[in-house]
Amino acid sequence: MNEPRNEPMNEPMNEPRTKDTVAVLGTGIMGRPMAANLLAAGFGVRAFNRSRDKAEPLAGQGAQVCDTPEEAVRGAAFVLTMLADGPTVEQVMKKAGSAARGGTVWLQMSTVGLDWTARLAKLAERDGLSFVDAPVLGTKQPAEEGKLVVLASGPEQLRHRCAPVFDAVGSRTMWVGPAGAGSRLKLVANAWVLALTNATAESVGLAEALGVDPKLFLEAIGGGSLDVPYAHLKGGAMIDRKFPLSFAVKHAAKDARLVLEAGNGKVDLASARAALAHLEAAVEAGYAEEDMAALYYGAR
């Protein structure tokens, strides 16, 4: 899987691989701060986004903003994908992979689920890329602060090589097994996040229906064994009806579907089903681009 392939005949011979260059493909709400943290850590960064305007701010921080994924990956030591879903990653990497040199490490950090992770690993093999499946725990603020948790999985011999990149974007890296193990753990964590967000929405909604100040609910659980900081973060947003974007409803719905697909009848994921129903209702109500806490509107 990781055997180098012959260099493409059309690649300029005066472009040696730069070991400290990372091609960041996808510079949205997560990818852009990750790229900024790589720059701050001393890496060279080539940034590509299908909507170029989302990558442009990185130019002022020292990144090379590229018009095509091929331009971004050519000569880079690492390719980091942080895109919306599996089909998008595949579409971009089908263009980029052929321009990368054999042995380049592909850090696939998007949340794409199990089937797409396996499919992308085969694409990496076709193009002679070393594939590391490394989704992350955390959203906008942890990404900006470099405090993501990286759930890395792939060839053990790449662990040392990847460490500086992961250290630049995260506060902790867990190596959990061969490629695919990281995505499995991410789905487990996402099932918990979805259940917690949905339960918070239901409790806030029930409090309001019963004429109880929902802030009393958060106060009641505060500081005790039932307390979870995340409930205060999302619950406060629901109570205030203000949803500063950290992770969009539409993307949370995608992740809920991935969780349910992974369960595939092996376990009763009733909480994930309920969260998805409320997220889809929120999308229909016009809240697709709002933070996932807006699933509150679907639960009412």
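Note that the numbering runs from 1 along the sequence shown for the chain.
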Problem set entry | Full working for side-chain contact (heavy atoms from CB on, under 4.5 Å) between L148 and M34 | CA-CA 9 Å; L148 298 169; M34 290 169 73; 4.0 Å; yes
Problem set entry | Chi angles and distances behind the side-chain contact (heavy atoms from CB on, under 4.5 Å) call for T200, V228 | CA-CA 10 Å; T200 302; V228 181; over 6 Å; no
For this session: Decide yes or no on side-chain contact (heavy atoms from CB on, under 4.5 Å) for F217 and L206, but give the supporting numbers first.
Result: CA-CA 10 Å; F217 156 61; L206 179 61; over 6 Å; no
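In this structure a side-chain-to-backbone donor-acceptor pair under 3.5 Å is missing from T21 to A76. In this structure a side-chain-to-backbone donor-acceptor pair under 3.5 Å is missing from D240 to K242. A distance-only check finds a donor-acceptor pair linking the side chain of D133 to the backbone of G180 [under 3.5 Å]. One N or O on the side chain of N49 and one on the backbone of T27 form a donor-acceptor pair closer than 3.5 Å. Distance alone, capped at 3.5 Å, places no donor-acceptor pair between the D127 side chain and the L129 backbone. A side-chain donor-acceptor contact under 3.5 Å links Q108 to the backbone of S110. In this structure a side-chain-to-backbone donor-acceptor pair under 3.5 Å is missing from D291 to A248. When atom types are taken as modelled, the side chain of N190 and the backbone of V259 share no donor-acceptor pair closer than 3.5 angstrom.
If you look at F166 and F78, their ring centroids are not closer than 6.0 Å.
Residues L185 and M174 have side chains in contact (heavy-atom distance under 4.5 Å, counting atoms from C-beta outward). Using a 4.5 Å cut-off on side-chain heavy atoms (C-beta onward), V188 and R184 make no contact. At least one side-chain heavy atom of Y296 sits under 4.5 Å from a side-chain heavy atom of R241. Counting heavy atoms from C-beta outward, K147 and Q141 have side chains that stay 4.5 Å or more apart. The shortest side-chain heavy-atom distance between T104 and V79 falls under the 4.5 Å cut-off. The shortest distance between side-chain heavy atoms of E289 and V249 does not fall below 4.5 Å. A 4.5 Å side-chain heavy-atom check between L194 and M292 finds at least one atom pair inside the cut-off. Residues L107 and F131 have side chains not in contact (no heavy-atom distance under 4.5 Å, counting atoms from C-beta outward).
Closest non-hydrogen pair, G138 versus M30, comes out as O-CE, 3.3 Å.
Under a 4.0 Å N-O distance rule, the pair R46/E71 does not qualify as a salt bridge. Using a cut-off of 4.0 Å between Lys/Arg side-chain N and Asp/Glu carboxylate O, E125 and K122 are scored as not salt-bridged.
Atom OG1 in T68 sits 8.5 Å away from atom NZ in K95 (nearest 0.5 Å). Taking CZ from F243 and CG from L295, the interatomic distance works out to 8.5 Å, rounded to the nearest 0.5 Å. With rounding to the nearest 0.5 angstrom, the OG1 atom of T111 is 15.0 Å from the CH2 atom of W116. Here the CE-CZ distance, from M82 to R32, works out to 14.5 Å after rounding to the nearest 0.5 Å. Of the inter-residue distances, the one linking L258 atom CG with E261 atom CD reads 5.5 Å to the nearest 0.5 angstrom. Put simply, OG on S246 and CG on L233 are 7.5 Å apart, with the number rounded to the nearest 0.5 Å.
Note on F247: it clusters hydrophobically with W192, by side-chain heavy-atom contacts below 4.5 Å among ILVMFWY residues. In the hydrophobic cluster analysis, where Ile, Leu, Val, Met, Phe, Trp and Tyr join through side-chain heavy atoms closer than 4.5 angstrom, L226 is grouped apart from L216. Both L123 and V112 belong to a single network of hydrophobic side chains, linked directly or stepwise wherever heavy atoms of I, L, V, M, F, W or Y lie under 4.5 Å apart.
Crowding of R52 atom CZ: a count of heavy atoms from other residues, nucleotides or ligands under 6.0 Å exceeding 12. With a 6.0 Å radius and a threshold of 12 heavy atoms from other residues, nucleotides or ligands, E145 has its CD atom above the threshold.
The side-chain contact (heavy atoms from CB on, under 4.5 Å) test with M109 singles out one residue from L83, V89, V136, and that residue is V136.
Judged by distance alone, the side chains of H232 and D227 do bring a donor and an acceptor atom under 3.5 Å apart. Under 3.5 Å, the side chains of T88 and E90 contain no donor-acceptor pair of N or O atoms. For the residue pair W106 and T81, a side-chain donor N or O sits within less than 3.5 Å of a side-chain acceptor on the partner.
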Please report, to 0.1 Å, the donor-acceptor pairs under 3.5 Å made by any side chain of residues 269-284, with sequence neighbours excluded.
| from | atom 1 | to | atom 2 | distance (Å) |
| --- | --- | --- | --- | --- |
| R273 | NH1 | D268 | OD1 | 3.1 |
| R273 | NH2 | D268 | OD1 | 2.9 |
| H278 | ND1 | N198 | OD1 | 2.6 |
| H278 | ND1 | A274 | O | 3.4 |
| E280 | OE2 | R257 | NH2 | 3.2 |

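Under the side-chain contact (heavy atoms from CB on, under 4.5 Å) criterion, N264 pairs with K266, sequence neighbours left out.
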